[in-house]
Every structure is written in C-alpha cells, then in structure tokens.
Asker: 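Before I ask anything, here is the structure I am working with.
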Amino acid sequence: MLSIKEKEVLKEKVYNLLWEVGMKVENEEIVARLLKNGCKEGPSGRIRIPKEKIEEMVKYQKKTQKQDDEDQRLHYRCGVDWAHSIIWKRQKDIMRKRLETEFMMSAFDCGPTKYYDYGEKKIKPVDTEIFIEMMKFAQSTPEIGYISTWYRHQGVHEKIERIDSLILGLKYTDKLDGIESIYPEQIKYLKEIGEIMGDSPENTPYLAGSQCITSPLILDRRSAAEMVERAKRGIKRYHIASMVTIGINTPVTLAGAIVMGAAEILGGMVAAHSQDRDADLSGRMIASVVDMKNGNVTYTGPEPAMVNIGVKELFDEFFGGHLWVEVFLSPYAKRPGLQAVYENFYGAYRYSKLTGEPDIPYPGMGTLDNGGMGSPTQFMMDMEIRKSEFALKDKIAIDEETLPFDEICDKVRKGEDFLESPHTISHFRELWSSKIFLTENPTPGVWEGDEKSILDKCDELWRENIKGYKPPKWADEKIKALD
C-alpha cells in the first residue's frame, strides 16, 4: 500500500515522536528499567526512547520474523485469537493439516459482554444462564473449533469473574480460549489452570489478552502492572496493542494515525523488552474511526484497514515484523442480519484489496456492536457463508468414478438425462446445499424468502444444535483441581 519512500518518511516520524515526546509510563519499576537501559525522562515526565534502543529491540525481533510471518497465515482461517491459542498449545502442524480438509471456525471473537436474544428481540447482559448456553452451543456445534470466554456481569464478583468464567466454561466445553487478566493478580492462577489442563508451565495458553496502550502514548497502570506480573511469573510472552480511533485520539488523516499507532506499539514493545530480553514480543493494530455524522465509533469503512495495514507495513519493513492485524474485527451493527453481513464482507474485501491476498475468507463469527455483543443467530448465518466458501475448491477429481465416460456416451445416444442414474444417486449428496439460503419458492406463512425468513431459520438451527449437547470428558482429578 505504501511506497518505500513513504514508509521511510513515516518511520522517521515514529522515531521522532518516541524521542521528542516519549511515552507516559505509569509504573515505577518499568520506568526504572527503561532509564537504566538508556531511555531518558523528558520535562513532562514522559519517557523518551532513543532510536538506538528501538533498533536494539528490532534486531532481536528480526531473528524470528520469518517464523512469525508463517504463523500469521493461520489467522486468515482462524482469526487472531484462535491462531494464538493454537500456537501457544503447540498445535500448529496438527491444525494446519486438519484445516486442509475439515471445516472449522472460531465463534464470538474475544468475548461479548451482551447477548442478542433474537426470539425476544432484546439485548441482554450476559449472566450465568446465557454463558452456559453459549458454551453448550459451541460444544454441540461440530464446525466450531474455538469459542471465547464471554464476560458475565451478573452473579460473580468482578475481581474473580475471568477465572470463575474460564473454569465454568471448561466444564461445558473443551473448545474454550484463554482469557485476559483484567487484574494482574489473576495471572498466577491462569498459569496453574494451564498446568492442570495438561499444558507445560512455559505455554500458559489460558492467559491471553494484551498490554493495550492507552492513546495517546500511555502505558497505563493496569497494562504496566500486568507486564511486570508476567515477568515475575516467568511468562515470556507480551502482546502490545494499539486501538486508536481516527479523528478522536489520532489526527483525522491517515498518515498521522499510522504514525501514532506504530509509535504506541513500538514504545510498548521496548518497555516489554526492557522487562525480559528474550521474551516473545508481538503487536496488534486495531484502528477504528469516528463517524462524523453522529459521533459513533466503528471498524467499518476503508480507513481503519488502511491504518492497520499501514502500521503493519512499517513493522514488516523496519521494525522486525511480529505485527498482527485482523482481517476484520467486528461489525458495528446492533442486530443480526444484512447490515452485519455487509460489514463483514467489506472487511474481507478491503483487506484482500490492500494486501493482495487473494484467498481471504468471510470473517464473520457471530459478533455485533463492535465485538461487544454475541448473537448465535448471526453466527449461524456467518457460518453458512463460510461453509459455502469452504465448499469452493480450486481442483477437481478426474478418475473413472468422477468421469463415467461410458455412461455419458450411452445417455447421449439415447437422449436421456442423468437424474435417475445409479451414478447420480451415488454422488448427488456431494453437491453443495445450504440449510439456510434456500432455493424454495417464496410461500406465505412457510417461506417468505426475505431476511426475516433467513434469520428465523438461523435461530431455529442453533437451538436445534444444543439439543444434542454432550459435555467434554475431563478426568475427575482435573475438575477437582479446577474447583
């Protein structure tokens, strides 16, 4: 997207911003380490990061840039969160092989706080009953390979909610992801949960999330304390994120937003590197934009993708790579339906257009309202779209079974069709057929053929799935240890 000359200009502005203005770091321990490692405190108290300290970190990152580039290709099919979970559980080879022939997808991104009840047409806060139902839905839907741990706002104290929800979820599904440690004290227990579930202490797959920089250029108390706690617990993995909003906490023009986002992630990486010199460092750019008509913030539109990919191009060219960018984070739409489908399709199109990647799947996974709301009804529609994409292959089998030449000749001579032939009867189930996007003729009271008919069918199907729910078969000692 950017020429090398343009990237050079932006790179120098990133260096200048981190040195001339610097990053506000709300943690004395990290400040002390940064100053000891050659950074300087500016007149405003911000920590000024010199170019040579950035280049030192970049040199370290380049050692594993090629491997990270390969790892990132997983997220086209899986999404960033599931891809990370696969990597942390050391399942890359297994999952790549499975995904070649088996359709699977992730559900509900990084965890909704609200639930859209299609039957009642209401938005509800996530309580324990809804939480359990969604875990059962994931477990009983074979196409779901991964589900996020939804955030409960009722029935559990906020300081233990993440751990309590993870443990509760594991009792209902073996497809659950890791969680973000909202409170750094939770990290100790998340490490123990991984060990209970059979993962090595180094993996810590149930600790996900990121150290998100608060714009403009602030490593705030929570993220900084989380970073310190990871180092204390020997967890050698840091994921630095920037979530700038174009026109609010960055300039409204794209070049300025790219410089801001890149500087925030780069500054956070240098801070993490000062904590642990041989840790796994990665970044994540998630830009949004303010709609100047109404003040709403959305990930839809061309600008967020251009900022995300612009930052990624700077990292890939100059800063050692390891910068992850979603195909599309989530629709702004507050209800399941066509609006959400449009936003997801445009998200995939713009990513493909800007990167030149030709095979980008539809990214919908049942989320609405900028990722804060989950809808199993929307998920079923998203899944059906993705299944239809998966059904499109770029090769066909050519052999005696697929090319019944003698029968072709016989039918042509007789002027007959192929509908009732044994060959058709043996193979017709191989043809793609949708359970949702039907070829029925519209019939009042049965199938109206409109958006509501499609959503009604989606709602019916996810509820049907749960009827076949079977819990995961964990050993009794694992459940006891979790309790």
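Index from 1, following the sequence. What you see below is based on every heavy atom in this structure, not just the backbone, and it leaves out hydrogens, waters and symmetry mates.
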Asker: If you count heavy atoms of other groups shown closer than 6.0 angstrom to CG of Asp450, is the number above 12?
Answerer: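 For Asp450, atom CG is crowded (more than 12 foreign heavy atoms under 6.0 Å).
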
Asker: Could you please spell out the steps behind the ring-ring contact (aromatic ring centres under 6.0 Å, His included) verdict for Trp462 and Phe379?
Answerer: CA-CA 9 Å; Trp462 82 259; Phe379 177 86; over 10 Å; no

Asker: Which heavy atom of Gly119 sits nearest to which heavy atom of Asp117, and what is that distance?
Answerer: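 What the structure gives for the nearest pair is N-OD1, 3.1 Å.
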
Asker: Could you walk me through whether Leu461 and Glu384 pass the side-chain contact (heavy atoms from CB on, under 4.5 Å) check?
Answerer: CA-CA 11 Å; Leu461 287 173; Glu384 194 74 359; 6.0 Å; no

Asker: Heavy-atom count around Tyr189 OH within 6.0 Å, excluding the residue itself: above 12?
Answerer: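 At most 12 heavy atoms, drawn from other residues, nucleotides or ligands, come within 6.0 Å of this atom.
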
Asker: For Lys393, I'd like to know if atom NZ has over 12 heavy atoms of other residues, nucleotides or ligands within 6.0 Å.
Answerer: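 It does: Lys393 NZ has more than 12 such atoms within range.
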
Asker: Count the heavy atoms of every other residue, nucleotide or ligand shown that sit under 6.0 Å from CD1 of Ile396, and state whether that count exceeds 12.
Answerer: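 No.
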
Asker: Would you say CD of Glu129 has more than 12 non-hydrogen atoms from neighbouring residues, nucleotides or ligands within 6.0 angstrom?
Answerer: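 At most 12 heavy atoms, drawn from other residues, nucleotides or ligands, come within 6.0 Å of this atom.
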
Asker: Roughly how far, to the nearest 0.5 Å, is the CD atom of Gln139 from the NZ atom of Lys175?
Answerer: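 Lys175 NZ to Gln139 CD: 5.5 Å, rounded to 0.5 Å.
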
Asker: Apply ring-ring contact (aromatic ring centres under 6.0 Å, His included) to Phe328 and Tyr299, showing your working.
Answerer: CA-CA 8 Å; Phe328 179 59; Tyr299 299 105; 7.2 Å; no

Asker: Verify the neighbour count for atom NZ of Lys121: are there more than 12 heavy atoms of other residues, nucleotides or ligands below 6.0 Å?
Answerer: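 Yes - once you tally the heavy atoms of other residues, nucleotides and ligands closer than 6.0 Å, there are more than 12.
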
Asker: For Asp278, I'd like to know if atom CG has over 12 heavy atoms of other residues, nucleotides or ligands within 6.0 Å.
Answerer: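 Yes, CG of Asp278 has more than 12 neighbouring heavy atoms, counting only those of other groups under 6.0 Å.
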
Asker: Quick check on Asn441: does its CG atom have over 12 non-hydrogen neighbours (other residues, nucleotides or ligands) under 6.0 Å away?
Answerer: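 Atom CG in Asn441 is not packed in, count stays at 12 or less.
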
Asker: Using every non-hydrogen atom in the two residues, find where Tyr118 and Lys452 come nearest and quote the distance to one decimal.
Answerer: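 Of all heavy-atom pairs spanning Tyr118 and Lys452, the closest is OH-O, 3.7 Å.
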
Asker: Heavy atoms only: give me the nearest Glu448-Pro442 pair and the separation to one decimal.
Answerer: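 Answer, listing the atom of Glu448 first, then Pro442: O-CB, 3.7 Å.
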
Asker: Measure across Met381 and Gly337 and return the closest heavy-atom pair with its distance rounded to 0.1 Å.
Answerer: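 Here Met381 and Gly337 meet closest at CE-CA, 3.8 Å.
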
